[in-house]
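Report on the structure given below.
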Amino acid sequence: MNDTLPDAPSHCPLCHHDQLVLFHQDKKRAYFQCQQCQLVTVPAVFYLDEVAEKAFYDLHDNTLADEGYQRFLSRTLTPVLDAIQPDAKGLDFGCGEGAVLSQMAAKQGVSVNNYDLFYFPEQGQLQQQYDFITMTEVLEHIADAQQVFKQLQGLLKPAGLLAIMTKRVRDHASFIDWHYKHDPTHINFYSEATFEWIAQAYQWQLDIIDSDVVFFRVP
């Protein structure tokens with residue numbers, strides 16, 4: 001374990017509360033928990049720069065040909081398709097290099113646009129509104145969580161659906177050996193309590209779909 005403890009973040013990246021306490025520290029990073037929304041976050045000193053971050057993502061090889069990856073995405077996409085109208089228009093926010101989810105949706109006759117900061121950075125996709133938005137294994141990588149939720153709020157139509165896949169913090173004991181925190185690009189960790197805070201803050205309805213999938217429904 002590191003002998004020197006880094007300073008706690010000055011504010012929570014999600015709710016901007018200024019009370020964060022040490023949650024855990026391992027050999028590589030320290031993790032602080034917001035006392036308002038319960039987000040677990042790492043200080044910015046541990047963030048990778050953009051070049052190193054993209055190089056890490058470039059190691060992934062997620063393609064439509066990978067049936068295992070399709071099954072993984074289906075845990076989000078299948079309940080989304082069950083919840084939307086056939087003519088709904090969607091956005092896969094943080095789609096990755098393979099943009100697999102939109103191809104899977106297209107096979108079901110559903111149109112999904114792709115946006116990704118590194119691989120599909122077309123800003124025009126962010127100038128529209130959508131019936132639904134998917135974020136599969138994206139949220140844990142985003143530093144400015146408050147900004148992205150405000151952005152998503154603007155991208156969703158009334159009665160829109162936001163589907164998020166990210167593994168959830170359960171408690172400190174399970175966090176200690178949690179493999180998910182070892183990924184250096186994972187910098188924010190959400191719990192059910194955090195999602196409940198988001199639902200209240202944005203006046204969305206929260207539905208827990210799976211162990212790592214949640215839906216937010218806009219009124």
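Residue numbers run from 1 in the order of the sequence given.
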Q. What do the steps show when you test Asp92 against Ser102 for side-chain hydrogen bond (donor to acceptor under 3.5 Å, both in side chains), and what is the final call?
A. CA-CA 7 Å; Asp92 190 17; Ser102 62; 5.8 Å; no

Q) Which atom pair, heavy atoms only, marks the closest approach of Asp116 to Cys95? A) OD2-N, 3.4 Å

Q: Hey, can you tell me if Phe216 and Phe149 have their rings parallel, tilted or perpendicular (30° and 60° cut-offs)?
A: perpendicular

**Q.** Reported CH2-to-SG distance for the pair Trp197 and Cys34, which is rounded to 0.5 angstrom
**A.** 8.0 Å

Q.
Are the side chains of Leu161 and Val218 in contact, using a 4.5 Å heavy-atom criterion?
A. no

Q.
In the structure I gave you, are the side-chain heavy atoms of Asp26 and His24 within less than 4.5 Å of one another anywhere?
A. yes

Q: Taking all non-hydrogen atoms of both residues into account, name the closest pair between Val45 and Pro6 and its distance.
A: CG1-CB, 4.4 Å

Q. So do Tyr180 and Thr166 actually touch side chain to side chain, heavy atoms under 4.5 Å?
A. yes

Q) Do Phe195 and Phe189 share a hydrophobic cluster (ILVMFWY, side-chain heavy atoms under 4.5 Å, transitive)? A) no

Q) With Met135, which of Thr76, Ile142, Leu91 fulfils side-chain contact (heavy atoms from CB on, under 4.5 Å)? A) Ile142

Q: Calculate, to the nearest 0.5 Å, the distance between atoms CG and OG belonging to Asp87 and Ser111 respectively.
A: 11.0 Å

Q: Consider only side-chain heavy atoms of I, L, V, M, F, W and Y, link residues closer than 4.5 Å, and tell whether Val110 and Leu101 are in one cluster.
A: yes

Q: Answer yes or no: does atom CD of Gln129 have more than 12 heavy-atom neighbours from other residues, nucleotides or ligands under 6.0 Å?
A: yes

Q.
Please find the pair of heavy atoms, one from Tyr115 and one from Glu122, that lie closest to each other, and give the distance.
A. CD1-O, 3.6 Å

(Q) Out of the candidates Phe118, Tyr57, Phe93, only one should pair with His141 under the ring-ring contact (aromatic ring centres under 6.0 Å, His included) rule; please name it. (A) Tyr57

Q | Gln125 and Asn113 side chains, donor-acceptor separation under 3.5 Å | A | yes

**Q.** Qualifying residues under side-chain hydrogen bond (donor to acceptor under 3.5 Å, both in side chains), relative to Tyr190, sequence neighbours excluded
**A.** none

Q: With sequence neighbours left out, write down each residue that passes side chain to side chain contact (heavy atoms under 4.5 Å, CB included) with Gln205, or none if nothing qualifies.
A: Asp207, Arg217

(Q) If only side-chain N and O atoms count, and only distance matters, is there a donor-acceptor pair under 3.5 Å linking Thr194 with Gln38? (A) no

Q. How many angstroms lie between NZ in Lys150 and CG in Leu152, if you round to the nearest 0.5 Å?
A. 12.5 Å

Q: Would you check if there is a donor-acceptor pair between the side chains of Thr41 and Asn188 at a distance under 3.5 Å?
A: yes

Q: Check the pair Leu155 / Gln151 against side-chain contact (heavy atoms from CB on, under 4.5 Å), numbers first and verdict last.
A: CA-CA 6 Å; Leu155 289 169; Gln151 183 177 36; 4.2 Å; yes

Q.
Quick check for you: to the nearest 0.5 Å, what is the distance between Cys37 atom SG and Gln200 atom CD?
A. 12.0 Å

Q | Side-chain heavy atoms of Met104 within contact of Gln108, under 4.5 Å | A | no

Q.
Can you confirm whether or not the ring centre of Tyr31 sits under 6.0 Å from the ring centre of Phe175?
A. yes

Q | Any Tyr69 side-chain heavy atom under 4.5 Å of Thr63 side chain | A | no

Q: For the pair Lys181 (side chain) and Ile176 (backbone), establish whether a donor and an acceptor sit closer than 3.5 Å, ignoring hydrogens and angles.
A: yes

**Q.** Euclidean distance, Leu20 CG relative to Gln36 CD, rounded to 0.5 Å
**A.** 10.0 Å

Q | Phe120 versus Gly96, closest heavy-atom pair with distance | A | CE1-O, 3.4 Å

Q.
Can a side-chain donor-acceptor contact be found between Asp58 and Tyr119 if the only test is distance below 3.5 angstrom?
A. yes

(Q) Determine whether a donor-acceptor pair (N or O, by modelled atom type, separation under 3.5 Å) exists between the side chain of Arg75 and the backbone of Met165. (A) no

Q. Do the non-hydrogen side-chain atoms of Phe23 and Val169 ever get within less than 4.5 Å of each other?
A. yes

**Q.** In one Ile/Leu/Val/Met/Phe/Trp/Tyr side-chain cluster, 4.5 Å: Trp204, Leu206
**A.** yes

**Q.** Separation of Cys12 SG from Gln146 CD (nearest 0.5 Å)
**A.** 8.5 Å

Q. Where do Ala105 and Leu77 come nearest, in terms of heavy atoms and distance?
A. N-CD2, 3.9 Å

Q. Is a donor on one side and an acceptor on the other found under 3.5 Å between the side chain of Asp210 and the backbone of Asp212?
A. no

Q: Flag yes if Val138 and Ile187 sit in one hydrophobic cluster, no otherwise; membership is Ile, Leu, Val, Met, Phe, Trp, Tyr, and two members link when side-chain heavy atoms are under 4.5 Å apart.
A: no

**Q.** Side-chain donor/acceptor of Gln103 to backbone N/O of Ala99, under 3.5 Å
**A.** yes

Q | Verdict with reasoning, Asn62 to Glu97, per side-chain contact (heavy atoms from CB on, under 4.5 Å) | A | CA-CA 8 Å; Asn62 299 322; Glu97 186 176 13; over 6 Å; no

Q: Identify, with sequence neighbours excluded, every residue that meets side chain to side chain contact (heavy atoms under 4.5 Å, CB included) alongside Ala88.
A: Ile84, Asp131, Phe132

**Q.** Asp7 atom CG, over 12 foreign heavy atoms within 6.0 Å
**A.** no

**Q.** Side-chain heavy atoms of Lys157 within contact of Tyr130, under 4.5 Å
**A.** no

Q. So, Glu67 side chain and Ala65 main chain: donor-acceptor pair closer than 3.5 Å or not?
A. no

Q | Minimal non-hydrogen separation, Pro13 against Ala143, with atom names | A | CB-O, 3.2 Å

Q | Note, Val213 side chain near Ile164 side chain (heavy atom, < 4.5 Å) | A | no

Q. side-chain contact (heavy atoms from CB on, under 4.5 Å) between Gln128 and Lys89: does it pass, once the steps are laid out?
A. CA-CA 10 Å; Gln128 307 176 43; Lys89 181 66 176 292; 4.3 Å; yes

Q. Should Val214 and Val80 be counted in the same cluster of Ile, Leu, Val, Met, Phe, Trp and Tyr side chains packed under 4.5 Å apart?
A. no

